[in-house]
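All of these numbers come straight from a predicted model, not from anything done at the bench. In what follows, every chain begins at residue 1, and chains take the letters A, B, ... in the order their sequences are listed.
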There are 2 protein chains.
Amino acid sequence: MSGAISDVAALAGVSKATASRALTGRGYVSAETRERVVQAAATIGYVASPIAASLSTGRTLAIGVLTSFLNRWYFGEVLEGAEGALRARGYDLTLHHLPPDSPERDRIFDSYLTNKRFDGMISIGIEASQDEIARLLANPRPLVSIGGNIRGAHSINIDDQALGREATEHLITLGHTRIAHITGHDAELQTDTVHGRRLAGYLAAMEDAGLTSAVHVLPAVHSLPGGYEAAAQLLRDARIRPTAVFASTDEVAIGIIIAARRLGITVPAELSVIGIDGHSYAEMFALTTFEQEPRAQGRHAVEILLQDLEDERRAQAPDSGEPGSTVSEVRWPTRLVIRQTTTRPESAE
Amino acid sequence: MSGAISDVAALAGVSKATASRALTGRGYVSAETRERVVQAAATIGYVASPIAASLSTGRTLAIGVLTSFLNRWYFGEVLEGAEGALRARGYDLTLHHLPPDSPERDRIFDSYLTNKRFDGMISIGIEASQDEIARLLANPRPLVSIGGNIRGAHSINIDDQALGREATEHLITLGHTRIAHITGHDAELQTDTVHGRRLAGYLAAMEDAGLTSAVHVLPAVHSLPGGYEAAAQLLRDARIRPTAVFASTDEVAIGIIIAARRLGITVPAELSVIGIDGHSYAEMFALTTFEQEPRAQGRHAVEILLQDLEDERRAQAPDSGEPGSTVSEVRWPTRLVIRQTTTRPESAE
DNA sequence: ATGAAAGCGCTAACAC
DNA sequence: GTGTTAGCGCTTTCAT
């Protein structure tokens with residue numbers, strides 16, 4: 001089994017170069033010899049060494065993916081989308097986990113960037129410091145950022161502020177006034193973060209509706225337990241209990257439902273949940289939710305990235321003009337899906 | 001920036017060979033010259049090309065991870081554990097997603113195995129056919145299988161049958177008789193699968209308790225919506241409604257809780273949930289659960305794998321004896337955590 | 001302790 | 001169209 005290309009060449013009675021051309025499809029080979037080479041390769045079960053090819057061509061056919069979470073639905077879905085699209089195009093995916101608060105964050109970051117084993121990068125939900133962004137952009141390889149705060153690279157983002165506003169206004173339209181918002185913790189609320197923008201949308205909508213005094217913001221860890229704890233705190237005191245909640249994350253929203261059940265109280269009349277796929281988890285619980293198809297986002301990121309790589313390659317070619325190194329900024333569509341059971345504040349307990 | 005090792009060598013006034021020795025730590029270099037080389041490398045910001053190194057040494061310093069799910073808690077946690085451990089040891093992780101029912105399963109499998117870019121493999125929750133297992137084992141690179149049905153390679157498994165029995169017996173001890181089990185779909189219930197073994201444990205316990213006629217098994221997709229749907233079906237008819245449920249997966253159990261709430265009925269007195277970490281999701285909802293620390297499983301798999309690689313390397317060395325190619329089979333401990341709110345069938349509605 | 005040289009397996013110019 | 005040759009950047013005998 002296996003063997004090197006020289007073996008294939010020998011068996012087919014051609015030179016290494018011809019064998020390579022026949023197998024990779026680059027350069028002229030007569031149909032006849034190609035067939036012979038392919039046969040020879042099949043006979044000895046030849047598979048090219050991507051490493052040797054990489055060393056020779058300078059391209060690795062691998063994409064580095066940097067993600068902030070591995071155990072949350074949204075991120076898993078994006079990752080799944082990207083993985084599938086990459087494999088379909090013949091690329092490997094090397095995974096790097098960069099949690100927001102890691103003490104070794106700097107080391108991870110560095111080992112990631114100096115790793116020369118990928119042609120391009122995709123970042124999922126990475127909220128990076130100015131310094132980190134600068135380092136990312138200094139890297140010659142193209143980057144597509146999904147849902148983080150990175151500017152200057154290709155990006156796919158949803159309009160978090162508009163979304164926060166839309167969710168809140170929806171609740172206001174239904175007649176709610178005591179609308180709470182469960183968000184991220186302090187460090188995640190600087191203006192230029194997902195949760196910060198969603199919060200801003202919430203605040204703006206409340207203010208516009210003259211509900212500034214009813215604003216109720218609660219931090220939470222973005223997990224089921226996090227949502228549970230926040231909700232338990234939020235719902236405990238019946239006098240100040242909100243009639244509606246806008247949660248910044250799926251996991252948190254589910255946690256709220258469970259908390260409400262455990263406390264033996266009726267779930268707040270509305271819950272808005274951000275994220276998740278077409279077969280939304282939240283949707284089925286008859287909540288109001290935003291769909292944004294994370295899987296499709298992952299796929300789309302791959303397309304942008306590979307397109308950029310191809311453009312770059314074409315730009316290298318002797319004929320073509322300038323690299324046209326513009327950066328695409330995709331405003332990803334979201335859709336408010338309304339499936340409430342109880343919608344009016346009166347029906348809340 | 002960057003540059004090749006020849007640049008470093010030139011700057012330090014030594015040969016490429018010495019520079020290499022100084023930088024990699026293999027072979028003799030005087031402390032003095034080493035220092036000089038390291039300095040030179042630092043000055044020009046040299047980072048070695050792992051690809052060139054791989055071509056030369058034959059080792060890639062990368063591990064391929066094959067996982068059946070990316071959007072489920074257990075798998076995400078295992079992946080996170082493995083990723084961290086690998087990075088700590090200087091290895092890359094290339095991710096491959098192999099869903100159980102994929103039409104292109106064979107192609108994925110093949111592209112994975114013929115990919116020569118990794119030194120070893122970790123499989124997470126892969127239920128493979130005989131043919132697939134054979135192909136996996138035919139691959140010369142070592143494999144550690146976590147929680148699948150692969151035998152003949154290093155493996156980390158929990159005793160699913162014992163666990164199914166233990167969960168069921170726990171419910172029986174509490175006085176329950178109408179105990180339902182939510183499991184996987186048909187294809188997942190052949191004897192040698194996670195869900196099949198858990199089911200077997202459940203059945204055995206029921207039979208031993210003379211409750212064979214009370215056996216109630218319901219298939220479900222292993223997701224929150226899946227658990228929801230199964231539970232909705234299970235709980236709808238009050239006359240045959242079980243007083244306890246043993247669910248085969250976290251997501252399913254959470255789905256059940258939500259279904260119960262939505263249907264406006266009290267949740268079954270007990271729910272046993274399989275999986276999840278120390279900070280168990282299920283745990284906090286006061287359910288009975290099994291802990292098995294998936295993150296630690298991921299880390300442990302990495303340790304076994306890298307140990308094997310090191311052994312192999314040592315075996316290559318001229319001095320040592322035989323490869324000692326035994327395969328480790330780890331029986332991973334699980335712990336039943338009991339945090340029920342309502343425990344007795346009387347208290348069920 | 002260090003250097004010279006060969007070679008990992010492939011691709012890409014350049015000749016023929 | 002096909003073969004020859006020269007690397008890609010590193011590691012590693014083998015001399016010295």
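- To the nearest 0.5 Å, the span separating CG on A/L306 from CD1 on A/I63 amounts to 5.5 Å.
- Across D/dG3, D/dC10, C/dA5, the shortest atom-to-atom separation from the side chain of B/Y46 is found for D/dC10.
- When heavy atoms are screened at a 4.0 angstrom cut-off, A/A53 is found touching the sugar-phosphate backbone but no base atom.
- With distances taken from any side-chain atom of A/L55 to the nucleotides C/dC10, D/dC10, D/dG9, the minimum falls on D/dG9.
- Using a cutoff of 4.0 Å between basic side-chain nitrogens and carboxylate oxygens, A/R87 and A/D92 are not scored as salt-bridged.
- The ring of B/F118 has its center closer than 6.0 angstrom to the ring center of B/Y112.
- Here D/dT2 is the nucleotide among D/dC10, D/dT2, C/dG9 with the atom lying nearest to any side-chain atom of A/Y28.
- At D/dT12, none of the side-chain N or O atoms of B/T57 fall inside 4.0 Å of OP1 or OP2 (strictly under the cut-off).
- Residue B/V14 places its side chain closer to C/dG3 than to any other of C/dG3, D/dG9, C/dC10.
- Under 4.0 angstrom from either OP1 or OP2 of C/dA1 there lies no side-chain N or O belonging to B/T18.
- Nucleic acid contact for B/S54: none, since no nucleic acid atom lies under 4.0 Å from a heavy atom of the residue.
- Out of D/dT2, C/dC10, C/dT11, the shortest distance to the side chain of A/S20 is found at C/dT11.
- A donor-acceptor contact under 3.5 angstrom links the side-chain atoms of B/R21 to the base of C/dG3.
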